[in-house]
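For ligands, and for the atoms within them, numbers begin at 1 and follow the listed sequence. Just so it is clear, the structure is predicted and the values come from calculations on it, not from any experiment.
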Amino acid sequence: MSKPAILTGLRANNDLHIGNYFGALLPLIDMAKKQAGTYQILLMMADLHSFSTPIDHTKLHDQIQDNLRTYIAAGLPIEQEDIFLFRESYIPAHSELMHILDCFTGVGEMGRMTQYKDKSAKIGTDRVSMALLNYPPLMAADILLYDTTYVPVGDDQTQHLEFTRDIAQRMNNKFGELFTLPKPAPEQHVFFGKDQGLRIRDLQDPQKKMSKSDESGKGIIFMHDEPQKAAQKIMSATTDSIGMIHYDLEKQPGISNLLQILSLLSGQGLQAVIKQYEGQTQYGPLKSAVAAALEQFLTTFQKAYDEVTDKTLTDKLKKSEETLNSIANKKLALVQKAVGLRG
Ligand code: TYM
């Protein structure tokens, strides 16, 4: 890339939820608005990543289109040249680089990844896919093809980001300077103005993170939830019986989650929100404030979503994918030469 890159990707295995929005999408869009002159901004539909765990394939294509529209509706300034919107499977260099990285990655190393361990413990190693084991090298390929420096992701992806740095360093040590290393997690957090990776929790079970694979849907706020129903999910969120508001993720994870969500929805810093509610003995007013802010946020977002036209989306994808194929192929050619595949 002619400028350093900021890139993130989101899977299309379900509708996006507010954790995806605030954990990855919004930080990227904020940077797109503030830094487009200095950085190239890449927003990737991680379509190949979307079925490393089982999904309903009759829905995948529509889900991909919906999510792409969501990225635009969330405010990605697509009219700018430095902003790219693309689908992973439309740039074959991603899969090709993944294979090369695979050859320098240990099976044991991948088996120790938290996400793989959790999922394979749930469904058994015979049923877990090879693609899930191989998820980090594909994610590393996504990042390394474009000399990406910053990668806004939620807390659950930090380990994959560390692996990306490791494999890039490993390849550079063996073959010379092939890849730019993304910055380590603490520098990423400073860049995106956060104390740490974001982790929005499930509203019904605040010990868990809010996750697209939650089957009941009660603890999760999807971007396409009907705004009033979403507000009701907030009103029935699990809290505790302590009876006083403190920001304490250990002892009061439900209340702390609501404070965090309110801070994100209102654009106020977390400390300002904590200051406003700390010590109050009623949980109702906090819940009502979160519910009202959420209803407003979803109504505005969904209106913007309805206004995204197919042509806007198709034109941007076409332009971005053409440019990125040529950039990615150059990086791939460099790596192919280094490993001896090309003269
Ligand atoms: P995915 O699709 O599972 O999630 C998309 C993004 O949302 C973040 N996220 C959350 N953030 C805060 N609170 C939550 N409860 C929450 N749940 C999810 C995730 O951390 C992620 O940033 N591997 C990635 C997709 C990917 C990618 C990449 C990301 C593929 N290639 C290259 C960055 C760079 C994933 O599964 O995201």
Per-atom filter on ligand 1: closer than 4.0 angstrom to a heavy atom of Met210 are 14 (C), 15 (N), 17 (N)
Which ligand 1 atoms are under 4.0 Å away from a heavy-atom of Val151?
33 (C), 34 (C)
Could you list which atoms of ligand 1 come closer than 4.0 Å to a heavy atom of Ala24?
6 (C), 22 (O)
Below 4.0 angstrom from a heavy atom of Ile143, which ligand 1 atoms are there? Numbered from 1 as shown, please.
32 (C), 34 (C)
In the protein, which heavy atom is nearest to atom 12 (C) of ligand 1, and how far is it?
Leu198 O, 3.3 Å
Ignoring angles and geometry beyond distance, decide whether Asp142 reaches within less than 3.5 Å of ligand 1 through its nitrogen or oxygen atoms.
yes
Tell me the nearest of Asp156, Ile200, Val153, Ile220 to atom 20 (O) of ligand 1, using heavy-atom distances.
Asp156
Specify whether Tyr135 and His160 have parallel, tilted or perpendicular ring planes, treating 30° as the upper limit for parallel and 60° as the lower limit for perpendicular.
tilted
Of the listed options Arg199, His17, His94, Arg201, closest to atom 16 (C) of ligand 1 (non-hydrogen atoms)
His17
Could you check whether the rings of Phe86 and His94 sit parallel, tilted or perpendicular, using 30° and 60° as the cut-offs?
tilted
Looking only at protein heavy atoms, which one is nearest to atom 10 (C) of ligand 1, and what is the separation?
Gly19 O, 3.5 Å
Under a 4.5 Å cut-off applied to non-hydrogen side-chain atoms, are Leu97 and Phe179 in contact?
yes
Identity and separation of the nearest protein heavy atom to atom 4 (O) of ligand 1
Asn20 ND2, 3.4 Å
Specify the protein heavy atom at minimum distance from atom 3 (O) of ligand 1: its residue, its atom name, and the distance to 0.1 Å.
Arg11 NH2, 2.9 Å
Taking only heavy atoms of Ala46, which atoms of ligand 1 are found under 4.0 Å from at least one of them?
30 (C)
For Tyr135, the ligand 1 atoms whose distance to one of its heavy atoms is below 4.0 Å:
23 (N), 24 (C), 35 (C), 36 (O)
Using a 4.0 Å cutoff against the non-hydrogen atoms of Gly23, which atoms of ligand 1 qualify?
11 (N)
Tell me whether Lys212 reaches ligand 1 (any heavy atom closer than 4.0 angstrom to a ligand atom).
yes
Protein contact of atom 33 (C) of ligand 1 - nearest heavy atom, named by residue and atom, plus distance:
Gly9 N, 3.4 Å
protein heavy-atom neighbour closest to atom 32 (C) of ligand 1 works out as Met139 CG, 3.7 Å
Hey, is His160 one of the residues with a heavy atom under 4.0 angstrom from ligand 1?
no
Which atoms of ligand 1 are found less than 4.0 Å from any heavy atom of Leu7?
32 (C), 34 (C)
